[in-house]
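Contents: one structure, followed by commentary.
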2 protein chains.
Amino acid sequence: MVGSMIEARHLRVLRAVVRAGSYSGAARELGCTQPAVSQQMKALEQSVGTPLLVRIGREARPTDAGEALMRHAAGVLAGLAAAEEEVAAIAGLRAGRVRLVSFPSGSSTLVPTAVARLRSGHPGTRVSLVEAEPPRSVEMLRAGEADIALAFRYPGARASANSVTETGTGGTDPETEWSDLAIRPLFTDSLVGLVPEGHRFADAGEVGIAELAGEPWIAGCPRCRGHLVEVCEAAGFTPRIDFATDDYPAVVGLVGAGLGVAVLPAPAVESVRPRGTRTVRVVPEVRREVVALTLPDLERVPAVAAMLDRLAEASAV
Amino acid sequence: MVGSMIEARHLRVLRAVVRAGSYSGAARELGCTQPAVSQQMKALEQSVGTPLLVRIGREARPTDAGEALMRHAAGVLAGLAAAEEEVAAIAGLRAGRVRLVSFPSGSSTLVPTAVARLRSGHPGTRVSLVEAEPPRSVEMLRAGEADIALAFRYPGARASANSVTETGTGGTDPETEWSDLAIRPLFTDSLVGLVPEGHRFADAGEVGIAELAGEPWIAGCPRCRGHLVEVCEAAGFTPRIDFATDDYPAVVGLVGAGLGVAVLPAPAVESVRPRGTRTVRVVPEVRREVVALTLPDLERVPAVAAMLDRLAEASAV
DNA sequence: CCCGACCATAAGACAGCCTTGGCGCTATAG
DNA sequence: CTATAGCGCCAAGGCTGTCTTATGGTCGGG
């Protein structure tokens, strides 16, 4: 590394000397001793190859080159100060931007409250939100198009090969897929069974998963569908999936129309008017864990860290 | 001195890393090793208090704060480069300015040739010229209004008190007056006597100063007049000065009109058409030394040093 | 004539910077 | 699947730069 470059420190000293009119005054202004100023000035003059100050009697005035340097120093130091201020604002959460990508149903309640808290606590921050599901959201994370991805996983899920791949999720298990990401668990919610009114289990309160073996199924998003198949196969049967849509209100509508049964996250059901449907507990209980994903480095970015905290707060109802 | 400021080196490293997309690439670009880049980046991130880069897989991309810093870095580094370039131009005599102040007759031949040589050798330099005599020119030098002052002195002159002060030079002897200045002798010229055609000494070739005791005198500038009085008193008489002007052509005109005799620098006489006058050598010979004065610090300013050299060259006919 | 302000210099302590060498990780080619 | 090359982190060592204290020299003012 070449050491003959002009450094900001040099310009600060030069400016102080010209302002103060003396080395001693500059030293007082800079909060250091006078020899330090002498040395800095000597180093600067040597690095540029020409004297920068002329001392006549008691006062020091800049030379031709000194004035040129001062002219530029003003702009350079101003730019540097502006940069420090802006970065400090970002570090201090008086500014900054967080780009959030969430799976559709997660953005209904969790995201709005978390965003609202962040914005009210740190008015300068900006939050953007797009909806996408894994693996697309993780892809965006890796591509630098988002800072935090909301996703969910099923605690017991295993990438037991064909049962997953044949259902079209087309990827690896979240546990291995996210191994290089920072995972922040937010909350877990139970999946509830949804059956039409008048269904034989409509008033049962709870139902074993295997008892629904012969029912037509309405499935959710690809990964939800994959997990459903997995759970059912663990219970000894393969579900007959008649419809698949990631639109939760549509699922509820389909069930309400008596076209089948479904297993959905409780918040998804609660956010939809349950026309003609009834919910039943499913045993054994199926749980879904909602997590926030981010890049490890991004965890240390103030705005991202703050957003993660707000998400965790909003999750701990 | 506080060490938590952003330094130009940091920005150079950051820019290189962002441009190269990796620490190693930045190190190659900067001509140093990769750990050096790591350390600089770590120091910068610590000083600003927030990460500036996120590394995803193989490539590094700037964070929010990193982009903000990059935005400012562009301007800051450009300003710094411009400053270095401009100062280098001044140091390398591709630019720079010299402010010259000369006594009136000195600028007639010496200054034009010296300026012409400087400008032809270093086209970027600028020379400004004003005319003033000591002590005004020295005053301008000390006030920072000029870089080089041309002046002259009489080798034997002594500030022998009253003889000088009573003639109105109102100051001390040059030797002490200029004690804190850098003095560059340029050349010495002889003073010649100037008498009207038809004067009794017109064809004498040379004349003793005392032989002109009774003549009416035409004197030059105040300091010239002071020295004239000094020389005459040394010869045993006090000259009767009928006219005094620092305009050499006027002096020649007055002598040509038969109104008196004068003693003038040879170059001053030669530059004027000698209408109706004759020159005679004066014995003992009276010599005048022309010098360039500058502040000691300014001697090291390239443009000033170059101008002094050109003045010396032009003097060494 | 002394005194105070200013600056240069020297010597020493200390921090920062850069380098070398070694290790783990990942991606790519054979 | 292994070998290899690229990348980055870490630790240790040398080196330069920077600050400080202490001292002396110079200049201007009481």
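Just so you know, these numbers come straight off a predicted model, no measurement behind them. Quick note on labels: first sequence line is chain A, next is B, and so on, each numbered from 1.
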Do other residues, nucleotides or ligands put more than 12 heavy atoms under 6.0 Å from the CZ atom of B/Arg184?
-> yes

So with a 6.0 Å cut-off around CZ of B/Arg97, is the heavy-atom count from everything else above 12?
-> yes

Is there a side-chain contact between A/His227 and A/Phe152 (heavy atoms, below 4.5 Å)?
-> no

Which whole-number value in Å describes the distance from [X] [atom1] to [N] [atom2]?
| X | N | atom1 | atom2 | answer |
| --- | --- | --- | --- | --- |
| A/Glu7 | D/dT16 | CD | C1' | 14 Å |
| B/Arg12 | C/dC17 | CZ | C1' | 15 Å |
| B/Arg9 | C/dG16 | CZ | P | 11 Å |
| A/Met5 | D/dG17 | CE | P | 15 Å |
| B/Leu44 | C/dC17 | CG | P | 11 Å |
| A/Arg142 | C/dT26 | CZ | P | 12 Å |
| B/Met41 | C/dC18 | CE | C1' | 17 Å |
| A/Gln46 | D/dT18 | CD | P | 11 Å |

A/Thr33 side chain near D/dT20 phosphate (N/O to OP1/OP2, under 4.0 Å) | yes

Base, backbone or nothing for each nucleotide of nucleotides 2-9 of chain C, written B, S, -, heavy atoms under 4.0 angstrom, 5' to 3'?
-> ----SBBB

Check for a donor-acceptor pair, side chain of B/Glu45 on one end and backbone N or O of B/Leu52 on the other, with a separation under 3.5 Å.
-> yes

Option passing side chain to side chain contact (heavy atoms under 4.5 Å, CB included) with B/Leu181 (candidates B/Leu141, B/Leu298, B/Val291) = B/Leu141

Taking it one step at a time, do A/Glu139 and A/Arg136 satisfy salt bridge (charged side-chain N to carboxylate O under 4.0 Å, His left out)?
-> CA-CA 5 Å; A/Glu139 195 176 294; A/Arg136 172 61 192 150; 2.8 Å; yes

